[in-house]
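No experiment lies behind these values; they were computed from the predicted model shown.
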Amino acid sequence: LRLGSRFETMYQQNPASSVEGEFPLALLNRCDDYTRSFGQFKPGATLVLGVDPAFRGGAAWVLWEWNGQTMTIVDYFFGTNIGLTGLREQLLVNPITQYAPRYAVYESNRESSVLEHPEVVSAVKSSRTVLKAIPTTWMNRGVGELRVGAMSQDMATGLIRFPAATPEDR
């Protein structure tokens, strides 16, 4: 097509990323919180666990602290090809048992049956975590305030913070 990348931007709503992608180094550096290290959170803050499951390929969770003004990463996990047992144990039971987040938000898709497993139900119940499954599809991944691209806006305003107290944190 003659429009090239403009076609992707205008009609497919899939604009080409810059060389650095959606998150250039200067933006990431702006998120650094030199007073925090990974694994630390402040008493009374709300912890939210975000889970992106996949038994094949990459699967991850990110634990956030919300203090009413900023969201700071507390901890995270990324694994590949972890299987269904890994989905249950590594993405749900382990972080919920360790941190007892107030909320756990799980991207529900083909792997959502793991939410009904007795180990998951027990971990959620004993930690008093509210588990919320959110379905994602190709239609809703790129729209609204929760899309990946919206994170760059939250980073620029200082809403999102990364632990950076030590060289290991960075």
Side-chain angles (χ1 to χ4, degrees), residues 1 3-54 56-82 87 90-92 94-96 98-99 101-109 111 129-130 132-170:
L1 294 166
L3 296 175
S5 64
R6 287 187 297 159
F7 175 79
E8 285 190 80
T9 300
M10 294 181 335
Y11 297 103
Q12 294 177 324
Q13 296 186 4
N14 184 29
S17 294
S18 68
V19 172
E20 293 182 306
E22 298 293 328
F23 309 105
L25 187 57
L27 181 62
L28 295 174
N29 289 339
R30 182 175 168 80
C31 298
D32 287 346
D33 181 345
Y34 294 101
T35 68
R36 300 286 291 272
S37 284
F38 277 100
Q40 296 178 341
F41 57 93
K42 296 177 182 170
T46 300
L47 298 180
V48 179
L49 179 69
V51 182
D52 185 1
R56 289 192 196 117
W61 59 258
V62 176
L63 183 70
W64 296 90
E65 173 192 286
W66 169 248
N67 66 10
Q69 296 179 340
T70 59
M71 296 171 42
T72 303
I73 293 177
V74 173
D75 202 354
Y76 68 95
F77 166 84
F78 178 81
T80 57
N81 301 317
I82 62 174
L87 285 180
Q90 294 176 297
L91 297 186
L92 291 163
N94 292 353
I96 289 172
Q98 181 177 356
Y99 291 107
R102 183 174 300 168
Y103 302 102
V105 181
Y106 186 91
E107 180 185 4
S108 63
N109 47 32
E111 294 88 11
T129 298
V130 175
K132 175 80 174 159
I134 304 224
T136 57
T137 67
W138 64 272
M139 291 173 51
N140 67 3
R141 286 179 191 252
V143 298
E145 65 183 13
L146 300 179
R147 72 191 190 283
V148 171
M151 288 178 66
S152 63
Q153 296 167 359
D154 293 338
M155 291 172 165
T157 62
L159 177 68
I160 292 178
R161 309 297 294 154
F162 299 151
T166 69
E168 292 80 27
D169 291 327
R170 297 207 70 212

Could you tell me which residues satisfy side chain to side chain contact (heavy atoms under 4.5 Å, CB included) with Ala60, sequence neighbours excluded, listed by chain and number?
Phe78
Met71 and Asp154: side-chain contact (heavy atoms from CB on, under 4.5 Å), yes or no, with the steps?
CA-CA 9 Å; Met71 296 171 42; Asp154 293 338; 5.7 Å; no
For a quick test of your reading: what N or O donor-acceptor pairs under 3.5 Å do the side chains of residues 37-46 make, sequence neighbours left out?
from	atom 1	to	atom 2	distance (Å)
Ser37	OG	Asp169	OD2	2.8
Gln40	OE1	Ser37	N	3.1
Thr46	OG1	Arg102	NH1	3.3

Is there a donor-acceptor pair under 3.5 Å between the side chain of Arg30 and the backbone N or O of Arg161?
no
Drop me the distance from Lys132's NZ to Glu107's CD, to the nearest 0.5 angstrom.
14.0 Å
Just to verify, what does Gln90 make a side chain to side chain donor-acceptor pair (under 3.5 Å) with, not counting sequence neighbours?
none
What verdict does the side-chain contact (heavy atoms from CB on, under 4.5 Å) test give for Trp66 and Leu159, after you've listed the backbone C-alpha separation in whole Å, the side-chain angles of each residue and the deciding distance to 0.1 Å?
CA-CA 10 Å; Trp66 169 248; Leu159 177 68; 3.6 Å; yes
For Leu28, check side chain to side chain contact (heavy atoms under 4.5 Å, CB included) against everything at least two apart and list the hits.
Phe23, Met155, Phe162
Close side-chain approach of Leu87 to Leu92, heavy-atom, < 4.5 Å:
no
Do you know which two heavy atoms are closest between Pro135 and Ala133, and how far apart they sit?
CD-O, 3.9 Å
With sequence neighbours excluded, what pairs up with Pro101 under the side chain to side chain contact (heavy atoms under 4.5 Å, CB included) test?
Leu47, Leu49, Leu63, Ile96, Tyr99, Thr129
Ala59 backbone acceptor or donor facing Asp52 side chain under 3.5 Å
no
For a 4.5 angstrom cut-off between non-hydrogen side-chain atoms, does Ile160 reach Trp64?
yes
Determine, step by step, whether Ile82 and Leu91 satisfy the side-chain contact (heavy atoms from CB on, under 4.5 Å) criterion, reporting the C-alpha distance in whole Å, the side-chain angles of both residues, the deciding distance to 0.1 Å, and the verdict.
CA-CA 9 Å; Ile82 62 174; Leu91 297 186; 3.9 Å; yes
Can you name the residues that form a side chain to side chain contact (heavy atoms under 4.5 Å, CB included) with Ala156, not counting sequence neighbours?
Leu27
